[in-house]
Enquirer: 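This is the structure I have questions about; it appears just below.
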Amino acid sequence: MELAFSSEEIVFRDEIRAFIAEKLPESARKNGGRWPHWSKEDVVTWQRILNEKGWAVPHWPVEYGGTNWTAVQRYIFIEELLRTPTPEPLSFNVNMVGPVICTFGNDEQKKYFLPKLRNLDIWFCQGFSEPGAGSDLASLKTSAVKDGDEYVVNGQKIWTSQAHNADWIFALVRTNPNAAKPQMGISFLLIDMKSEGVTVRGIETIDESRHVNEVFFDNVRVPVSNIVGEENKGWDYAKFLLGNERTGIARVGLSRERLGRAKKLAAKLPSFNGPLADDPQFKRKCATVEMQLKSLEITIMRIIDRQRRRNDSAPDPATSMLKLRGAEIQQTTAELLADVAGPMVAPTGQIRAAYEGDFPAELEETLGIIPHYFNSRAATIYGGSNEIQRNIISKGILGL
Amino acid sequence: MRSNVISYLKVFWGFKMDFELSNEQQLLKDSVSRLIADNYDLQKRGAIIKSADGYSKTVWKQLADLGLLGLSFSSNYGGFDGGPVEQMIVLEAFGTGLLIEPYLATIVLSGTAIQSAADENKKSELLSAISNGDHLMAFAHSERLSRYQLSQVETRAQLKNGNWILNGEKTTVLHGGIADTIIVTARTKGSDRSTDGISLFLVPAKTKGITVNSYPTIDGMQAADIKLSNVSVPQNALLGECDKGFLIIENIEQHGIAAVAAESVGAMQCVLDMTVDYLKTRTQFGRPIGDFQVLQHRAADMYVAVEEARSIAIYAAMMTTEKDTEKRRHAMATTKAQIGVSCREVGQGGVQLHGGIGITEEYAIGHYFKRLSMIERQFGDVEHHMTTLSMMDSPD
Ligand SMILES: Cc1cc2nc3c(=O)[nH]c(=O)nc-3n(C[C@H](O)[C@H](O)[C@H](O)COP(=O)(O)OP(=O)(O)OC[C@H]3O[C@@H](n4cnc5c(N)ncnc54)[C@H](O)[C@@H]3O)c2cc1C
Ligand SMILES: Cc1cc2nc3c(=O)[nH]c(=O)nc-3n(C[C@H](O)[C@H](O)[C@H](O)COP(=O)(O)OP(=O)(O)OC[C@H]3O[C@@H](n4cnc5c(N)ncnc54)[C@H](O)[C@@H]3O)c2cc1C
């Protein structure tokens, strides 16, 4: 048992920091503080830089391009990216579909997809949720009917993040409508977004951005070879994927980065006696978040370490705890930042145009704060809502 | 505290504890509600937001014709002598429709400034002009780094050759871009944070030296950053006593607090209603999600938060006319703190219980959430007012 980072780990961390400092492109550095932040190009460029270094998918098996890093090193790596901040390696590729293909895919799929996922030559999106199947994912209706060596896919997905940027979608589809349990008739299918019959419609969100979409399938023909693993076993793969998603979603570094920004801004703004940064109430709030982050951080490492030693693919209900607390703390820090900015959050991004090229640079910093806050409300909804995570903990761990 | 509130209510509602509205008040409530229901669905509101001025001249005219703009002004100046309860009724109705018209800026903030500080001539000129809808006003007080500190004023005014010369920058001035007259606060003496030495000025928006950068705000309203470079106004542009503007500003803010408190109650009630409705109709796992007790309890907490806000909004309405400054200060800080707490609980709860649809522009709940999030940060947030309260003696 060892809780402080060892000197080797500190060296490792410094190596990561130096690499980021040297290699992160100017555009990505600048856009990190803006809203909406990174462009597709920023994300792709950065992931390719990481991939060239062999760091795009540290948590994958070495044979597929991963590293031998320990749980702690993997954790240090991702946290360094988040706290800089840099774009994150595309989660759909590296945390979701990648590990599923590594674990359940056939050799051809591994050979074709894994290198492209690492290098972001293919951008995947996640087609799970449907209008009638949100929390109750297993009730999904999008159907895939076998016709020769193709599936014919019909139905609709919703809330599909980044579908407008994606080349492929990994979708849960119903291949057996008559299964004994709805969970038993679902398959995990990879679909090329350029296929005929795929339509994407954007959904504007309250931060006045486009993150999510509806995706419609109208007689889309998909080769049978694009199914991952066995037909009607898709639910098991989805649960495996969701477990990984939950570990990755806690994003301690992101919360730390926001907390740092809140403190910096508070130093410039007045409270009753001196700057807000010196206000005891404010300092106490920051200390509370730091306490929560420390507990979460160590809990994450414990769970990652346990998974690694257990070395099987069965879902661990304890990952629900990480998602639950990670999402809540992300919201707390987004809220804290928005509270520090106070009335400065009022302008929409259209203020840039109002100044006709004369826009004061220091305002750019506060502009992203409220969209971030609005967007953070989704953190307790996506990836299984916090209510669902609590259900999983009370059933799966406490036996209630 | 309880006996205190009751005594105010007694005075106000004719010596008895009576939360029922009078017939006239009910009539007022019905007619405003009808106006909002007929004119303000989300789609129309969206179109108004996108229009050049960011408000609807038609709706503004309707409000004027119904007598709502001059409602709380004295009949000596063309108003209707309405009291704080009438004002509360109107604003609550505005909250249900998420009205984005310049009512807060023109009627509540500027109207209060004029009522409490202008001479008879200006009162009769300006109050009747804003009541009949012909004239728009804005209150330009906050500055980039003032946050919630009301006495933080760096904009300067100097008397030169019989004219006031104003220099400085005001930020997020509500509806500053469409105002005909802007009330500008400026320092006439003292250091940047002193309460002594602040004065108010009536400045026609077209005056030379004023640059207005106007933009939509996150809640669909409009605000402007206003730069003043050697803006010259005559000596009689001074509103109220020179150097003694702080109390006026505080009074303006207090009326603002009472107004957004009432507005937020209307908005929160809508969020609660929509959410309860959604819990009954959205099904997952083969049953309405309202069957899940955890959601029932969250809705129950939202209900309690709305009722607390409603009570405190009534309290605020009563206390706007309290003569004792300290008592009024305490009451308004209490009000805004409670309103902030309720706005957050109801706004965030409404979004959460709607799931994904709660964060979309297409659906109403997100728009209410955004307005409630803005109200939280208008005229001081929870922390600000809690700190104020912790530095005061409780009057109870
Ligand atoms: C920004 C964003 C991005 C997303 N990205 C993706 C994506 O890329 N791919 C994808 O497939 N999906 C995505 N989603 C969808 C997300 O996973 C769903 O929104 C989520 O599963 C909730 O489903 P729902 O929105 O239908 O809400 P509902 O399931 O209808 O839930 C409504 C409310 O009821 C509660 N509830 C439901 N069931 C229960 C229960 N049994 N007990 C207690 N409470 C319950 C929920 O917690 C919620 O508060 C995204 C969502 C958002 C908001
Ligand atoms: C100090 C004290 C004084 C009392 N005085 C009186 C008295 O004068 N007269 C009298 O008749 N009784 C009295 N009671 C009893 C009191 O009414 C019961 O304790 C109470 O109804 C709870 O019942 P229980 O203790 O059996 O707990 P349980 O009903 O077994 O409850 C255990 C827990 O489960 C929760 N729970 C139970 N049902 C639900 C549900 N449907 N949904 C969600 N949560 C649920 C409860 O909130 C509680 O947390 C008194 C109790 C106390 C502690």
Enquirer: In terms of heavy-atom pairs under 4.5 Å with chain B, which of A:N391, A:V212, A:T205 leads?
Expert: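 The candidate making the most pairs under 4.5 Å is A:T205.
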Enquirer: If the plane angle is over 60° it's perpendicular, under 30° parallel, otherwise tilted; pick one for A:F272 and B:H384.
Expert: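 The rings of A:F272 and B:H384 lie parallel, inter-plane angle below 30°.
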Enquirer: Do B:V294 and A:R390 come within less than 4.5 Å of each other through their side chains, counting heavy atoms only?
Expert: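 When only atoms from C-beta onward are counted, A:R390 and B:V294 do not touch, as no gap falls below 4.5 Å.
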Enquirer: Report yes if the side chains of A:F374 and B:V351 come closer than 4.5 Å at any heavy-atom pair, otherwise no.
Expert: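 Not touching, per the 4.5 Å side-chain cut-off.
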Enquirer: Checking heavy atoms, do the side chain of A:P131, its backbone, both or neither come under 4.5 Å from chain B?
Expert: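 The backbone, not the side chain.
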Enquirer: Can you tell which of B:H354, B:R282, B:M386 has the highest number of heavy-atom pairs within less than 4.5 Å of chain A?
Expert: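 That would be B:R282.
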Enquirer: Minimum heavy-atom separation for A:P343 and B:Y148, please, with both atom names.
Expert: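 Shortest heavy-atom separation between A:P343 and B:Y148 comes out as CD-CE2, 3.4 Å.
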Enquirer: For B:M274, does the CE atom have more than 12 heavy-atom neighbours from other residues, nucleotides or ligands under 6.0 Å away?
Expert: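 Atom CE in B:M274 is crowded, with more than 12 foreign heavy atoms closer than 6.0 Å.
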Enquirer: Picking from B:A223, B:G356, B:G366, which has the most non-hydrogen pairs under 4.5 angstrom with chain A?
Expert: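 Among B:A223, B:G356, B:G366, the one with the most close pairs to chain A is B:G356.
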Enquirer: Which one of A:E335, A:K268, A:Q281 has the most heavy-atom pairs closer than 4.5 Å to chain B?
Expert: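 The residue among A:E335, A:K268, A:Q281 with the greatest pair count is A:E335.
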Enquirer: What pair of heavy atoms forms the shortest contact from A:P270 to B:R193, and how long is it?
Expert: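 Heavy atoms only, the tightest pair is CB-NH1, 3.7 Å.
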Enquirer: Any non-hydrogen side-chain atom of B:E383 less than 4.5 Å from a side-chain atom of A:K285?
Expert: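 Yes. Closest side-chain heavy atoms under 4.5 Å.
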Enquirer: Knowing that exactly one of B:T171, B:T172, B:N213 qualifies, which makes a side chain to side chain contact (heavy atoms under 4.5 Å, CB included) with A:P347?
Expert: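 Of the listed options, the one satisfying the test is B:T172.
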Enquirer: Does any heavy atom of chain A fall under 4.5 Å from the side chain of B:L295, the backbone, both, or neither of them?
Expert: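 When you check distances to chain A, only side chain atoms of B:L295 fall under 4.5 Å.
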Enquirer: Taking atom CD of B:Q284 and atom CG of A:L137, what is their separation to the nearest 0.5 Å?
Expert: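 Those atoms lie 9.5 Å apart.
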Enquirer: Tell me, for B:M391 versus chain A, whether the close heavy atoms (under 4.5 Å) come from the side chain, the backbone, both or neither.
Expert: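 When you check distances to chain A, only side chain atoms of B:M391 fall under 4.5 Å.
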Enquirer: Is the shortest side-chain N to carboxylate O distance from B:R344 to A:D339 below 4.0 Å?
Expert: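 Answer for the salt bridge query: yes.
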Enquirer: Measuring only between side-chain heavy atoms, which start at C-beta, is A:I206 closer than 4.5 Å to B:T360?
Expert: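 Contact flag for A:I206/B:T360 side chains = no.
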Enquirer: When rounded to the nearest 0.5 angstrom, what distance separates CG in B:D225 from CD1 in A:I351?
Expert: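 That separation rounds to 4.5 Å.
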Enquirer: Looking only at non-hydrogen atoms, find the nearest pair between A:S385 and B:Q352 and report the distance.
Expert: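 For A:S385 versus B:Q352, the nearest heavy atoms are CB-NE2, 4.2 Å.
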Enquirer: Does some side-chain heavy atom of A:Q331 sit less than 4.5 Å from a side-chain heavy atom of B:Q348?
Expert: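 A side-chain contact under 4.5 Å is absent here.
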Enquirer: Mind checking the CD1-CG spacing from B:I289 to A:D136? Nearest 0.5 Å is all I need.
Expert: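 Here the interatomic distance stands at 11.5 Å.
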Enquirer: Using non-hydrogen atoms and a 4.5 Å limit, figure out which bit of A:A353 sits close to chain B: side chain, backbone, both or neither.
Expert: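 Neither; nothing under 4.5 Å.
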Enquirer: Do you know the tightest heavy-atom contact between A:T348 and B:P216?
Expert: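 In terms of heavy atoms, the two residues are closest at OG1-O, 2.8 Å.
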Enquirer: Keeping B:R377 on the side-chain end and A:A338 on the backbone end, is there a donor-acceptor pair under 3.5 Å?
Expert: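 Present.
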Enquirer: Looking only at non-hydrogen atoms, find the nearest pair between A:I203 and B:E362 and report the distance.
Expert: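 It is CG2-OE2, 3.8 Å.
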Enquirer: So what's closer than 4.5 Å to chain B heavy atoms on A:V345: side chain, backbone, both or neither?
Expert: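 Both the backbone and the side chain of A:V345 come within 4.5 Å of chain B.
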Enquirer: By a 4.5 Å heavy-atom criterion (distance strictly below it), what part of A:I388 contacts chain B: side chain, backbone, both, or neither?
Expert: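 Side chain of A:I388 only, per the 4.5 Å heavy-atom cut-off to chain B.
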Enquirer: By a 4.5 Å heavy-atom criterion (distance strictly below it), what part of A:L276 contacts chain B: side chain, backbone, both, or neither?
Expert: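 The side chain, not the backbone.
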Enquirer: Restricting to non-hydrogen atoms, name the atom on A:A378 and the atom on B:I359 that form the minimum distance, rounded to 0.1 Å.
Expert: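 It is CB-CD1, 4.2 Å.
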Enquirer: Is A:F282 close to chain B through its backbone or its side chain, or both, or neither, when contacts mean heavy atoms under 4.5 Å?
Expert: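 No part of A:F282 comes within 4.5 Å of chain B.
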Enquirer: How many angstroms lie between atom CD of A:E387 and atom CG of B:L353, to the nearest 0.5 angstrom?
Expert: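 Reported value, rounded in 0.5 Å steps: 6.5 Å.
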Enquirer: Examine whether an atom of A:I370 lies under 4.5 Å from a heavy atom of chain B, and if so say whether it belongs to the side chain, the backbone or both; otherwise answer neither.
Expert: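 Contact with chain B involves the side chain of A:I370 alone.
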Enquirer: Rounded to the nearest 0.5 Å, what separates atom CZ in A:R210 from atom CD in B:E361?
Expert: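 It is 14.5 Å, given to the nearest 0.5 Å.
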Enquirer: Can you find a heavy atom in the side chain of A:M344 that is under 4.5 Å from one in the side chain of B:R147?
Expert: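 They are not in side-chain contact.
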Enquirer: Go through the atoms of B:S373 and report whether side chain, backbone, both or neither lie under 4.5 Å from a heavy atom of chain A.
Expert: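 Just the side chain, heavy atoms under 4.5 Å.
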